[in-house]
Amino acid sequence: MKATIWHNPKCGTSRKTLAILENLSQVEVEVIEYLKQPPSAQKLAQLYRDAGIAPAEGLRMRGTDAQERGLPEADDATILEAMAAEPILIERPLVETEKGARLCRPQDRVLEIL
């Protein structure tokens, strides 16, 4: 099975999720440092749809200006465009497998799609 993780190496939850993936021999892991290679708005929309959450639920509030910009109340397209333009606004880690996608907070949520 292949798993793609949109990862921030400075984030403890992201590191713990990556460790879970790397410790499973049947999982081939692709790591994308999303701050360096941000996903497009279209990719984010697909990930959130596959995870069963709204883009606002994937919006990182802590350490960002999302609240001041009114993003929590904005429409999906506005949120997705802001995230694609400024990937610090993306809550992490996001993991995608053939079974779906998850925002892995807490990290054990990754087990749902393995």
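Quick caveat: nothing in here was measured; it's all calculated off a predicted structure.
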Fill in the blank from the handout: One should read off an interatomic distance between Asn8 CG and Glu91 CD, to the nearest 0.5 angstrom, of 10.0 Å
Problem - Nearest heavy-atom neighbours spanning Ala3 and Val95 - result: CB-CG1, 4.4 Å
Completion exercise
Sorted by chain and residue number, the side-chain contact (heavy atoms from CB on, under 4.5 Å) partners of Arg69 (sequence neighbours excluded) come out as Asp65, Leu71, Ala82, Glu86, Leu89
Exercise for the section: Would you mind telling me which of Pro87, Pro39, Cys104 makes a side chain to side chain contact (heavy atoms under 4.5 Å, CB included) with Trp6? Expected result: Pro39
Practice task
Locate the shortest heavy-atom distance separating Gln67 from Met61; write the atom from each residue and the value.
Solution key: OE1-CE, 3.1 Å
Fill in the blank from the handout: Rounded to the nearest 0.5 Å, the CD atom of Gln46 sits from the CG atom of Leu80 at a distance of 11.5 Å
Practice task
Output every pair passing salt bridge (charged side-chain N to carboxylate O under 4.0 Å, His left out) with a member in residues 75-84, not counting sequence neighbours, ordered by first then second residue.
Solution key: none
Handout entry: Same apolar cluster (I L V M F W Y, side chains within < 4.5 Å links), Ile20/Ile32
Key = no
Problem - Ala74 versus Ile79, closest heavy-atom pair with distance - result: O-CD1, 3.5 Å
Exercise for the section: Flag the pair Lys2 and Glu98 as a salt bridge only when some basic side-chain nitrogen lies within less than 4.0 angstrom of an acidic carboxylate oxygen. Expected result: no
Handout entry: Nearest-0.5 Å distance that lies between atom CD in Glu112 and atom CZ in Arg102
Key = 5.0 Å
Handout entry: Pairwise side-chain contact, Cys11 with Arg105, heavy-atom cut-off 4.5 Å (strictly under)
Key = yes
Problem - Candidate pair Leu47 and Glu96, rule side-chain contact (heavy atoms from CB on, under 4.5 Å), full reasoning - result: CA-CA 7 Å; Leu47 288 168; Glu96 180 180 35; 3.7 Å; yes
Practice task
Applying side-chain contact (heavy atoms from CB on, under 4.5 Å), run through Leu59 and Met83 and close with a yes or a no.
Solution key: CA-CA 8 Å; Leu59 185 61; Met83 289 174 163; 3.9 Å; yes
Problem - Side-chain donor-acceptor contact under 3.5 Å, Thr17 with Gln107 - result: no
Handout entry: Whether Arg92 side chain and Ser14 backbone form a donor-acceptor pair below 3.5 Å
Key = no
Handout entry: Leu103 with Ile88, same ILVMFWY side-chain cluster at under 4.5 Å
Key = yes
Practice task
State yes or no: do Val31 and Ile113 share one hydrophobic cluster built from I, L, V, M, F, W and Y residues joined by side-chain heavy-atom distances below 4.5 Å, directly or via other members?
Solution key: yes
Fill in the blank from the handout: OG1 of Thr97 to CD of Glu28, rounded to nearest 0.5 Å, is 12.5 Å
Exercise for the section: Could I get the full list of side-chain contact (heavy atoms from CB on, under 4.5 Å) partners for Ser40, not counting sequence neighbours? Expected result: Gln42, Lys43
Practice task
Let me see the working for Leu94 and Ile5 under side-chain contact (heavy atoms from CB on, under 4.5 Å), right down to the final yes or no.
Solution key: CA-CA 6 Å; Leu94 282 165; Ile5 180 171; over 6 Å; no
Handout entry: Closest contact, heavy atoms only, Ile90 versus Tyr48
Key = CG2-OH, 3.8 Å
